[in-house]
Protein chains: 2
Amino acid sequence: MKRPTIADVARRAGVSKGAVSYALNGQPGVSEATRRRIQAIAREIGFNPSSAARALSGASANAVGLTLCRPARVLGIEPFFMELISGVEATLSDRGYALTLQVVADPDAEIAVYRRWWGERRVDGVLVCDLRIDDRRVPVLEELGLPAVVIGGPGHSGGLANVWSDDAAALEEAVRYLIALGHRRIARVGGLAGLLHTEIRSAAFTVICERLGVADAVSVPSDYTGEEGARATRRLLSSADRPTAVIYDNDVMAVAGLSVAQEMGIVVPTDLSIVAWDDSPLCRLVHPPLTALGRDIPAYGAHAARRLLAAIAGEPVGPYQDETARLSPRGSTAPPRRPHPG
Amino acid sequence: MKRPTIADVARRAGVSKGAVSYALNGQPGVSEATRRRIQAIAREIGFNPSSAARALSGASANAVGLTLCRPARVLGIEPFFMELISGVEATLSDRGYALTLQVVADPDAEIAVYRRWWGERRVDGVLVCDLRIDDRRVPVLEELGLPAVVIGGPGHSGGLANVWSDDAAALEEAVRYLIALGHRRIARVGGLAGLLHTEIRSAAFTVICERLGVADAVSVPSDYTGEEGARATRRLLSSADRPTAVIYDNDVMAVAGLSVAQEMGIVVPTDLSIVAWDDSPLCRLVHPPLTALGRDIPAYGAHAARRLLAAIAGEPVGPYQDETARLSPRGSTAPPRRPHPG
DNA sequence: CTGAAAGCGCTTACAG
DNA sequence: CTGAAAGCGCTTACAG
């Protein structure tokens with residue numbers, strides 16, 4: 001019932017507390033024989049060093065913080081965050097670090113959490129999601145000196161390290177594929193405005209379509225939710241010269257878009273091709289399964305975590321470009337029934 | 001850059017560290033005027049008490065642990081966990097508690113994490129998910145003396161507190177509804193075998209169908225994934241006297257089942273009615289939207305967190321029955337096209 | 001109402 | 001190679 005301390009181990013082993021600390025932490029200062037004996041005793045009585053005491057003397061919390069800025073219902077439906085967290089967590093626990101999670105209402109609350117965490121020495125560093133253009137969190141983090149890795153980019157992370165993926169290149173692959181199938185009226189339903197990757201994709205879509213000679217390229221803003229994705233789709237499909245293909249900025253909106261097409265009697269992929277970002281099991285759950293741009297999100301999270309630990313250790317950490325999303329063609333894309341009259 | 005400590009506040013205020021501690025923690029021992037002055041100074045220099053130092057003297061980590069036992073890809077797709085976590089976290093952070101998350105591979109790893117967390121005094125208590133029949137985690141937790149609240153029941157949580165919901169009653173509502181619509185051949189695709197609520201639902205399904213005179217009630221086991229849900233559905237719909245209605249143990253399998261029906265040219269709801277457990281935005285994302293049994297999962301998580309904090313505070317905490325899931329009829333259910341010949 | 005001091009359980013120079 | 005001791009930043013009896 002009473003949890004053993006380092007003093008208990010020292011007493012049983014007949015050595016000082018210092019010796020136990022050296023033995024258990026692999027430091028020089030004890031003979032190999034003594035080390036083994038101490039380790040055996042520690043294991044036997046189930047000793048685990050108090051994380052608080054370690055933190056207090058070692059000045060390291062052995063914990064990393066991650067905030068989530070989404071309402072409960074929205075958080076649940078997007079596979080992205082859980083996959084990211086799962087990769088982050090696996091890397092952290094391998095190295096003995098804990099992951100501390102907090103849900104926040106907005107960027108101000110998030111900044112307050114960072115200040116508190118750092119002040120309380122509760123975390124050694126943080127992972128920052130949903131990077132925005134002119135993100136207010138970046139200068140605060142820099143000023144605090146709180147080690148951080150931004151998930152997103154390229155750029156816009158100030159002096160903080162970041163991990164990112166080339167969305168423009170992935171988007172180009174999708175557009176080229178649709179053009180090769182014969183599509184000329186291509187639309188895009190975008191994610192939350194203000195987020196860096198949304199803006200990057202929006203700009204890239206315009207440029208790519210122009211370069212590849214797609215005259216009727218429209219990009220409509222949305223917010224990642226199924227409701228908004230459905231609404232945007234209804235509007236697009238109700239227009240006079242409706243698109244023959246739509247690219248969605250996430251899986252949830254793409255699935256919602258597919259439902260709207262079915263509801264309107266528009267057959268996918270014959271009458272409408274659909275491409276989703278954020279390939280996930282969700283894309284394979286529906287009928288037809290969705291053609292999607294995907295990459296390994298748990299691995300992305302693992303990269304971010306590894307670099308954060310390096311930053312915490314004081315190593316110089318710069319930007320890191322992760323793999324580019326690849327297109328997985330599935331049943332939701334096909335040549336358009338009637339080629340563009342132009 | 002240098003983070004302020006209680007000594008800095010004391011120096012600026014011209015009082016002892018003890019006085020600062022009393023003032024900031026709302027303890028008696030300082031005059032109201034002094035308290036205000038100390039609070040103002042603390043705010044001004046951005047003081048936050050070190051959580052490690054508090055933990056070391058106060059013997060409380062001010063943190064709660066939660067383990068997740070699922071592979072990354074599966075974790076992402078199930079809205080349940082994120083919704084639960086979100087409710088848990090909101091309650092905890094309101095009370096100044098942090099949530100520590102760890103992903104584990106199996107029950108043994110999970111037990112090892114509990115032992116370590118408790119030994120390290122990293123958490124004050126844990127929330128236990130996925131309760132099984134004869135769950136090995138329960139006696140370990142009891143033996144350790146680690147405050148815990150089990151999410152699941154009724155029963156099977158030994159001396160540990162738990163929160164649960166009456167699945168048998170919810171299932172009965174769904175079956176009665178299908179019978180009222182005219183269904184007589186009703187099937188069920190179950191969740192992971194061994195989990196308590198799966199077993200409760202399986203037993204209840206048999207009893208309810210018998211009592212209500214549903215002769216052709218089949219229950220097939222599955223595992224919550226879309227793949228298995230699809231496979232089970234294909235088998236059911238390929239049988240000679242295929243069911244006219246299927247109840248799925250979660251939203252993911254129900255959506256997969258809907259896709260299989262579409263793929264096989266079986267029209268929902270005309271030829272087949274579908275009911276899902278775990279109502280979530282996912283159920284409203286597909287076409288037709290799924291009739292589902294749902295309840296407020298974030299609130300469920302909040303209840304569990306509240307009771308865990310009570311248990312940590314040493315208050316007696318017993319079982320708590322949360323609301324029963326309610327049926328939300330949507331487009332996936334209707335009277336069967338051809339009533340049962342019997 | 002306030003101050004001085006012990007103690008929480010570690011880590012880490014500093015002597016032997 | 002090993003022991004004794006200081007110190008991390010709090011909280012909390014214990015005296016004044």
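Everything numeric here is computed off the predicted structure, so don't read it as measured data. In the text below, chain A, chain B and the rest are named by the order of the sequence lines, each starting its count at 1.
- For A:A19, the listed nucleotide lying nearest its side chain is D:dG3; candidates were D:dT11, D:dC10, D:dG3.
- Ring geometry for B:Y224 versus B:H197: interplanar angle under 30°, hence parallel rather than tilted (30 to 60°).
- Across the protein-nucleic acid pair, B:D8 atom CG and D:dG9 atom C1' stand 11 Å apart, rounded to whole Å.
- Here the side chain of B:Y22 is nearest to one of C:dG9, C:dG3, D:dG9, namely C:dG3.
- Side chain of B:S57, nearest nucleotide from C:dT12, D:dT12, C:dG7: C:dG7.
- Between the CG atom of B:L99 and the OG atom of B:S93 there is a distance of 9.5 Å, given to the nearest 0.5 Å.
- Applying the 4.0 Å criterion to OP1 and OP2 of C:dG9, one finds that A:S50 has every side-chain N and O outside that range.
- Among D:dC10, C:dA13, C:dG9, the nucleotide with an atom closest to any side-chain atom of B:L56 is C:dG9.
- A close approach under 4.0 Å does not occur between any side-chain nitrogen or oxygen of B:T5 and OP1 or OP2 of D:dG9.
- Nucleotide C:dA13 forms no Watson-Crick or G-U wobble pair with any nucleotide shown, as no partner meets the under 3.5 Å limit on both distances.
- Listed pair A:Q27 / C:dT11 fails the phosphate criterion, with no side-chain N or O lying under 4.0 Å from OP1 or OP2.
- Nearest-nucleotide mapping onto DNA chain C: of B:R121 and B:S31, the residue sitting toward the 5' end is B:S31.
- In this structure, CZ of A:R11 is placed 12 Å from P of C:dC10, rounded to the nearest angstrom.
- If you take CZ of B:R3 and P of D:dC8, they are 14 Å apart, rounded to a whole angstrom.
- Pairing of D:dA4, defined by two Watson-Crick or G-U wobble distances under 3.5 Å, is not identified with any nucleotide.
- By the 6.0 Å contact criterion, CG on A:D106 is enclosed, its count of non-hydrogen atoms from other residues, nucleotides or ligands being greater than 12.
- At a threshold of 4.0 angstrom between heavy atoms, the contacts of A:S16 include nucleobase atoms, whether or not backbone atoms are also involved.
- Taking only side-chain nitrogens and oxygens, B:T34 comes nearer than 4.0 Å to OP1 or OP2 of C:dT2.
- If you take NZ of B:K17 and C1' of C:dA5, they are 10 Å apart, rounded to a whole angstrom.
- For A:R54 and C:dT11, the shortest distance from a side-chain N or O to OP1 or OP2 is below 4.0 Å.
- Among the nucleotides C:dG3, C:dT11, C:dC10, the one closest to the side chain of A:N25 is C:dT11.
- Taking the ring centre of B:Y300 as origin, the terminal cationic atom of B:R295 falls inside the region bounded by 6.0 Å and 45° from the ring axis.
- As rounded to whole Å, 15 Å separates atom P of C:dT2 from atom CG of B:L24.
- Rounded to an integer number of Å, the gap from CG of A:N48 to C1' of C:dG9 is 13 Å.
- We find that A:E120 and B:R54 are not joined by a salt bridge, their nearest charged nitrogen and carboxylate oxygen being 4.0 Å or further apart.
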